[in-house]
> 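Following this message is one structure expressed as structure tokens.
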Amino acid sequence: MHTSESDLCLLTTCADPAEASTLRALLDSDGIDCVVQGEHHSGMLGPALGGAIIEVRVLVARKNLERALALLNAQVETPEQRAAALAAGVEEEAPPPCPVHGEVSTGVCSGCDSFLCARCDAPGEPPLCEDCQEHKNDAPGPRWDFRRKRVGWVTLGLMFGPGLLTGAVW
């Protein structure tokens, strides 16, 4: 940032370095450069002393102050508010596209939660995408499960069995 100290204005103070880091990411995503004062000093003293002694301050250039304040004070829509708006029919949202074919999605894969279109939605319950279908077909059968359990019991027997067979109590 090529601004002098006198060009910086206080945007806000933060309770801890984590809050300042979140605010920095929000400002950076909107193209607003900022300086966080006291971030490292507060972190070195820990949450008990750092927050009480050192104030974590977020500074922005004077020319970006109004835009940063507007961004900071913007109303953020919660998931509950979004669901209520959709239920009230305020806004109709288009279904997301299928990642493989780019067509409108008609369902969701029960294995990986990716969107499925009519072309990739295989018949059957539960609906699975092509990748999950392949993994389902590659899954080991019951014979493999039996072998895995047997190897586990033999390993446990070798590790702890001699003490149990001789009657030694731990």
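Keep in mind that what you see is a predicted model, and the values were worked out from it rather than measured.
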> Compare every heavy atom of Leu65 with every heavy atom of Cys9, then report the nearest pair and how far apart it is.
CB-CD2, 4.0 Å
> For residues 64-74, pull every pair meeting salt bridge (Lys or Arg N to Asp or Glu O under 4.0 Å), keeping only residues two or more places apart or in separate chains.
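Every pair satisfying salt bridge (Lys or Arg N to Asp or Glu O under 4.0 Å) with a residue in residues 64-74: Asp30-Arg67.
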> Looking at Cys14 and Ala20, what are the two nearest heavy atoms and their distance?
SG-CA, 3.7 Å
> How long is the span from the CD1 atom in Ile32 to the NZ atom in Lys63, to the nearest 0.5 Å?
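One finds 11.0 Å between CD1 of Ile32 and NZ of Lys63.
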> Thr155: what forms a side chain to side chain contact (heavy atoms under 4.5 Å, CB included) with it, not counting sequence neighbours?
Val151, Met159
> Quick check: do Val154 and Leu158 have side-chain heavy atoms less than 4.5 Å from each other?
yes
> Measuring from atom CG of Leu10 to atom CZ of Arg57, what distance do you get when rounded to the nearest 0.5 angstrom?
5.0 Å
> Would Asn64 and Asp33 count as a side-chain contact (heavy atoms from CB on, under 4.5 Å) if you check the C-alpha gap in whole Å, the side-chain angles of each, and the deciding distance to 0.1 Å?
CA-CA 8 Å; Asn64 293 331; Asp33 291 328; 5.6 Å; no
> Taking side chain to side chain contact (heavy atoms under 4.5 Å, CB included) as the test, write out the residues that go with Leu72, two or more places apart.
Leu11, Thr12, Leu23
> May I have all residue pairs that pass salt bridge (Lys or Arg N to Asp or Glu O under 4.0 Å) and include part of residues 16-26, sequence neighbours excluded?
Arg24-Glu39
> For the residue pair Cys34 and Val60, what are the closest heavy atoms and their distance?
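Result for this residue pair: CB-CG1, 4.0 Å.
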> To the nearest 0.5 angstrom, please state how far the CG atom of Leu27 sits from the CG atom of Leu71.
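Separation between the atoms: 6.0 Å.
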